Amino acid sequence: MTAAGTCSKDDEGLRPLGSSPRNRWSVSETRADLVRQPMPPRPMTLQAEGKLVTLDLARTAIIIVDMQNDFCHPDGWLAHCGVDVAPVRAPIAPLQALLPVLRHHDVPVIWLNWGNRPDRLNLSPALLHVYKPSGTGVGLGDPLPGSGAKVLERGSWSAAIVDELAADPSDIHVAKYRMSGFQDTELDSILRNLGVATLMFAGVNADQCVLCTLQDASFRGYDCLLVADCAATTSPDYCLAATIYNVRQCFGFVTRSEQIIANLAGRET
């Protein structure tokens, strides 16, 4: 008997089941079709440092890490601590140019931001110690003098993305609580449901949260590209140099936003 001969009328009413078109079954009362619909590849070749890289736009997303008021705004937490936030504002302009182009080409944009619980029960003493080593001062979840905004608390001004990088309604938001965005979050599940294999990385601090997340992505089998002009740090210059070296040497590739934009523009001619 042929496959067609085994189908009932109910099979004609198969309905989609899945949160993403990229990872979806079809089901009815009597049948479950587990065959995912293939995503036609959309190859794009760009220049990375030292190598031409061809990636599949149909299986690519960008993750922007911690472009939040507490890290990047002159009235935020780092500025209150006496840190010069000018370096971590440098990615704003290139991201303003890059993100609309990626959205136009249906590349998912994922904002990965610190977003702690108000009761801080997701934060260990060891983590709190990193930002409050003497037990005094303003650490995670403490109110900033003046504004009273609580440092990196989910839903607060402190944890909000800087105004210059207003998110699109189609963007995806993931809260994290460690330097790696994969630790104790839903990030990996979201990426699997999106059918993503390649990740572009941007944001701050390049040598801390960006690098930790990129490393964990590499360990999980994702292909990783650091978009160098869209990533920055308040650490000394040698920290950024070491980050770029280690990404190239061990964890993926390094490119720049103008390379991505130029190649995507070429796809429309």
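Computation of the quantities below employed the complete heavy-atom set of this structure, encompassing side-chain atoms and omitting hydrogens, waters and symmetry-equivalent molecules. Sequence positions, counted from 1, serve as the residue numbers for this chain. Here the structure is a predicted model, which means the values were calculated and not measured.
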Can you name the nearest heavy-atom pair linking [X] to [Y], along with the distance?
X: L98; Y: C230; result: CD2-SG, 4.1 Å
X: G148; Y: P143; result: O-CB, 3.6 Å
X: A202; Y: V210; result: O-CG2, 3.9 Å
X: S28; Y: G13; result: CB-O, 4.2 Å
X: P108; Y: T60; result: CD-O, 3.2 Å
X: V138; Y: V151; result: CG1-CG2, 3.6 Å

How about [X] and [Y]: do any of their side-chain heavy atoms sit closer than 4.5 Å?
X: V204; Y: T234; value: no
X: W157; Y: D75; value: yes
X: L121; Y: R117; value: yes
X: L95; Y: E164; value: no
X: W77; Y: L144; value: yes
X: H73; Y: V85; value: no
X: R220; Y: D216; value: yes
X: D70; Y: L78; value: no

Applying ring pair (Phe, Tyr, Trp, His ring centres under 6.0 Å), can you list everything that pairs with H80, at least two apart in sequence or on another chain?
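Testing H80 for ring pair (Phe, Tyr, Trp, His ring centres under 6.0 Å), a comparison that skips the adjacent residues, returns none.
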Residues two or more places apart in sequence or in another chain: which of them pass ring pair (Phe, Tyr, Trp, His ring centres under 6.0 Å) with Y177?
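Expected list: none.
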Do [X] and [Y] sit in one hydrophobic cluster, given that two such residues count as connected whenever their side-chain heavy atoms are within less than 4.5 Å of each other, even indirectly?
X: Y222; Y: L46; answer: no
X: I260; Y: V101; answer: yes
X: V109; Y: L214; answer: no
X: L165; Y: V65; answer: no
X: V254; Y: V53; answer: no

[X] side, atom [atom1]; [Y] side, atom [atom2] - distance, nearest 0.5 Å:
X: L264; Y: L57; atom1: CG; atom2: CG; value: 5.5 Å
X: L211; Y: L226; atom1: CG; atom2: CG; value: 8.5 Å
X: F182; Y: Q215; atom1: CZ; atom2: CD; value: 11.5 Å
X: T45; Y: N263; atom1: OG1; atom2: CG; value: 7.5 Å
X: S180; Y: L112; atom1: OG; atom2: CG; value: 8.0 Å
X: R154; Y: W114; atom1: CZ; atom2: CH2; value: 12.0 Å

For M200 and I63, run side chain to side chain contact (heavy atoms under 4.5 Å, CB included): C-alpha distance rounded to whole Å, both residues' side-chain angles, the deciding distance at 0.1 Å, then the answer.
CA-CA 6 Å; M200 301 176 184; I63 295 178; over 6 Å; no
Please check if atom CD in Q37 has more than 12 non-hydrogen atoms from other residues, nucleotides or ligands closer than 6.0 Å.
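No, because the 6.0 Å sphere around CD of Q37 holds 12 heavy atoms or fewer from other groups.
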Does atom CG of D119 have more than 12 heavy-atom neighbours from other groups under 6.0 Å away?
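Yes, because the 6.0 Å sphere around CG of D119 holds more than 12 heavy atoms from other groups.
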Please assess S235 against D207 for the test side chain to side chain donor-acceptor pair (under 3.5 Å), listing each intermediate value before the final yes or no.
CA-CA 8 Å; S235 302; D207 56 322; 2.8 Å; yes
Passes side chain to side chain donor-acceptor pair (under 3.5 Å), N193 versus S20? Steps please.
CA-CA 6 Å; N193 272 311; S20 165; over 6 Å; no
Determine whether a donor-acceptor pair (N or O, by modelled atom type, separation under 3.5 Å) exists between the side chain of [X] and the backbone of [Y].
X: Q259; Y: A48; result: no
X: Q47; Y: K51; result: yes
X: R22; Y: A58; result: yes
X: D229; Y: R256; result: no
X: Q183; Y: R178; result: no

Between [Y] and [X], is there a salt bridge with N-O shorter than 4.0 Å?
X: K176; Y: D66; result: yes
X: R103; Y: D171; result: yes
X: R120; Y: E153; result: no
X: D223; Y: R59; result: no

Listing, residues 237-250 side-chain donor-acceptor contacts under 3.5 Å, not counting sequence neighbours, or none:
from	atom 1	to	atom 2	distance (Å)
T243	OG1	C239	O	2.9
N246	ND2	A242	O	3.2
R248	NH1	E49	OE1	3.3

Could you walk me through whether I62 and L99 satisfy the side chain to side chain contact (heavy atoms under 4.5 Å, CB included) test, starting with their C-alpha distance in whole Å, then the side-chain angles of each, then the deciding distance to 0.1 Å, before giving a yes or no?
CA-CA 9 Å; I62 185 169; L99 295 182; 4.2 Å; yes
Test side chain to side chain donor-acceptor pair (under 3.5 Å) applied to D33 and S26, step by step
CA-CA 5 Å; D33 184 347; S26 296; 5.2 Å; no
For the pair I161 and N113, evaluate side chain to side chain contact (heavy atoms under 4.5 Å, CB included) and give the outcome as yes or no after the intermediate values.
CA-CA 8 Å; I161 300 165; N113 292 330; 3.4 Å; yes
For the residue pair R192 and N23, confirm or rule out a side-chain donor-acceptor distance under 3.5 Å.
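Not at all, the side chains of R192 and N23 share no donor-acceptor pair under 3.5 Å.
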If we ignore angles and hydrogens, is there a donor and acceptor under 3.5 Å between the side chains of D142 and Y131?
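Note: D142 and Y131 side chains miss the donor-acceptor criterion.
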Output, in order, the C-alpha distance, side-chain angles, deciding distance and verdict of side chain to side chain contact (heavy atoms under 4.5 Å, CB included) for L199 and L225.
CA-CA 6 Å; L199 292 170; L225 291 92; over 6 Å; no
Applying the side-chain contact (heavy atoms from CB on, under 4.5 Å) criterion to I110, which one of I64, V174, V196 satisfies it?
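Of all the options given, the one that passes is V174.
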